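Single-structure report; data block below.
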Amino acid sequence: MPELPEVETIRRSLAPHLPEDVIAAVPLLDPHAVAEPSPEAIVGIAPGKRVTGIHRRAKYLVIALEAHNLVVHLRMSGRLRLDRPVEDMRYLRAQWNFASGRVLCFYDVRRFGRIWLVDDDRLAALFAPLGPEPFDPALTVAALQDRLARRTAPLKSLLLDQRIIAGLGNIYVDEILFASNLHPRRPAGSLAEAEVARLLDATRSILQAAIANGGTTFDAVYRDAEGRPGRYRSHLSVYGRAEEPCLTCGAPIQRIVVAQRGTHFCARCQS
DNA sequence: CTTTAAACCTGCTGGC
DNA sequence: TGCCAGCAGGTTTAAA
């Protein structure tokens, strides 16, 4: 579910509230949701720790504590909710109580989401495989072209690969490829410099617009930490619009499967 | 190393 | 109404 714009929106909805607050207790933690260290260690280490900041790297949310980092990846169906445990309690997987009385709840229907509690060194190791953030100034057209060079896999596959560029997911890759007029099955290494430039521009403008609109909500799954849905869905050009007319040329939007993911594109506009 | 497929989970929708 | 196939916004692991 959540891609970079959704995680960034959650980050922004938590940032005014959690910093300087102190974790008082971890009254509930589904062992299945814990990546590392052990559930017992998380429950033991977290209490007494003060929140020093809320950060995001790719699709990871990082709640920085003193000498530790509480990391959450929502994967497909995870949600974070502040203060109001209004969701189905069957899916409550973790809860943090703060000294102020605030409560942070982690819900996850499909149980793909994961939680880490790691020090700074381990955090760096965890993030080491990730490619650059889309807004990293070091990600120039030449740098992106270099990362795609000589690769024969479909362009969409590499854009979903977090080691190439970090933070994109199925919705935004389809939208970015449409905005770039690039076919999702184009061999990634075949792009000319001008095409990579279009791709990078589209990546940044679409993510920026999605963040400005609080992300994309489908089927009521995604909400920010205060329960607000995203407003970007009405801006989508291809994702979820199979059989509907292309907004540019009127041809029906196609749905195919690429990299085992439903893929939406305009066969007339994208090549 | 690169690429592709399967696995991990649960719930919902549509067809028969 | 009931059952089953197919689908879902992500990542990891195995296999080719």
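The shown structure was predicted, so the numbers you read here are calculated from the model rather than taken from an experiment. Reminder, nothing fancy here: chain letters follow the sequence lines and each chain counts from 1.
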Requested in this report: Give A/Pro154 one of three labels, base, sugar-phosphate or nothing, depending on what nucleic acid heavy atoms sit under 4.0 Å from its own.
Outcome: sugar-phosphate

Report task. Report the distance from atom CG of A/Asp219 to atom P of C/dA8, rounded to the nearest whole Å. Result -> 11 Å

Report task. For the side chain of A/Val109, starting at C-beta, report the closest nucleotide among B/dT10, C/dG9, B/dT3. Result -> B/dT10

Requested in this report: State yes or no: are the ring centers of A/Phe106 and A/Trp96 separated by less than 6.0 Å?
Outcome: no

Query raised in the report: Nearest-Å distance, CD1 (A/Ile164) to P (B/dC1)?
Result: 13 Å

Report task. Evaluate whether the aromatic ring of A/Phe112 and the six-membered ring of the B/dC8 base sit under 5.5 Å apart, centre to centre, with an inclination under 30°. Result -> yes

**Report entry** Rounded distance in Å - CG (A/Leu126) to P (C/dT11)
**Finding:** 12 Å

Requested in this report: Would you mind reading off the distance between A/Tyr60 atom OH and C/dT12 atom C1', rounded to a whole angstrom?
Outcome: 10 Å

Report task. Scan A/Tyr172, A/Phe218, A/Phe265 and name whichever one has a ring-ring contact (aromatic ring centres under 6.0 Å, His included) with A/Tyr239. Result -> A/Phe218

Query raised in the report: For the base of B/dC9, is there a side-chain donor-acceptor partner from A/Arg110 under 3.5 Å away?
Result: yes

Report summary line: When rounded to the nearest 0.5 Å, the distance separating NZ of A/Lys156 from CG of A/Asp161 is 13.5 Å

Query raised in the report: Does A/His32 place a side-chain N or O at less than 4.0 Å from the phosphate oxygens OP1/OP2 of B/dC9?
Result: yes

Report summary line: Taking for A/Arg261 and for A/Val257 the nucleotide of DNA chain C with the nearest heavy atom, the one nearer the 5' end belongs to A/Val257

Query raised in the report: Could you state the CD-P distance from A/Gln260 to B/dA6, rounded to the nearest angstrom?
Result: 7 Å

Query raised in the report: Just how far is it from atom CG of A/Leu160 to atom CD of A/Gln162, taken to the nearest 0.5 Å?
Result: 7.5 Å

Requested in this report: Searching all strands shown, indicate the nucleotide that pairs with C/dA5 (Watson-Crick or G-U wobble; both distances under 3.5 Å).
Outcome: B/dT13

Query raised in the report: Quick one: is B/dT3 close enough that its OP1 or OP2 comes under 4.0 Å of any side-chain N or O from A/Thr152?
Result: yes

Query raised in the report: Are A/Tyr172 and C/dG9 close enough that a side-chain N or O sits under 4.0 Å from OP1 or OP2?
Result: no

Requested in this report: Determine: side-chain N/O of A/Tyr91 to OP1/OP2 of B/dG11, distance under 4.0 Å, yes or no.
Outcome: yes

**Report entry** Euclidean distance for C1', B/dT3 against C/dG9 (whole angstrom)
**Finding:** 23 Å

Query - Rounded distance in Å between the P positions of B/dC9 and C/dA14 - result: 15 Å

Query raised in the report: For DNA chain B, whose closest nucleotide is more 5', that of A/Ser157 or that of A/Arg93?
Result: A/Ser157

Query - Separation of C/dG9 P from A/Lys156 NZ (nearest whole Å) - result: 8 Å

Report summary line: Rounded to whole Å, the CD1-C1' distance (A/Ile256 to C/dG6) equals 18 Å

Query raised in the report: Does a nitrogen or oxygen in the side chain of A/Gln162 sit under 4.0 Å from OP1 or OP2 of C/dT11?
Result: yes

Report task. Could you please name the option among C/dA8, C/dT12, B/dC9 that lies closest to any side-chain atom of A/Arg75? Result -> C/dT12

Requested in this report: Look at A/Asp83 together with A/Arg102 and state whether they make a salt bridge at an N to O cut-off of under 4.0 Å.
Outcome: yes

Report task. Return no unless some side-chain N or O of A/Arg111 is found under 4.0 Å from OP1 or OP2 of B/dT10. Result -> yes

Query raised in the report: For the pair made of CD1 in A/Ile165 and C1' in C/dG10, what is the distance, rounded to whole Å?
Result: 17 Å

Report task. Apply the side-chain contact (heavy atoms from CB on, under 4.5 Å) test between A/Arg185 and each candidate in A/Val258, A/Leu177, A/Leu155; give the one that qualifies. Result -> A/Val258

Query raised in the report: Watson-Crick or G-U wobble partner for B/dC8, using a 3.5 Å limit on both distances?
Result: C/dG10

Query raised in the report: Any side-chain N or O of A/Arg163 less than 4.0 Å from the OP1 or OP2 oxygen of C/dT12?
Result: no

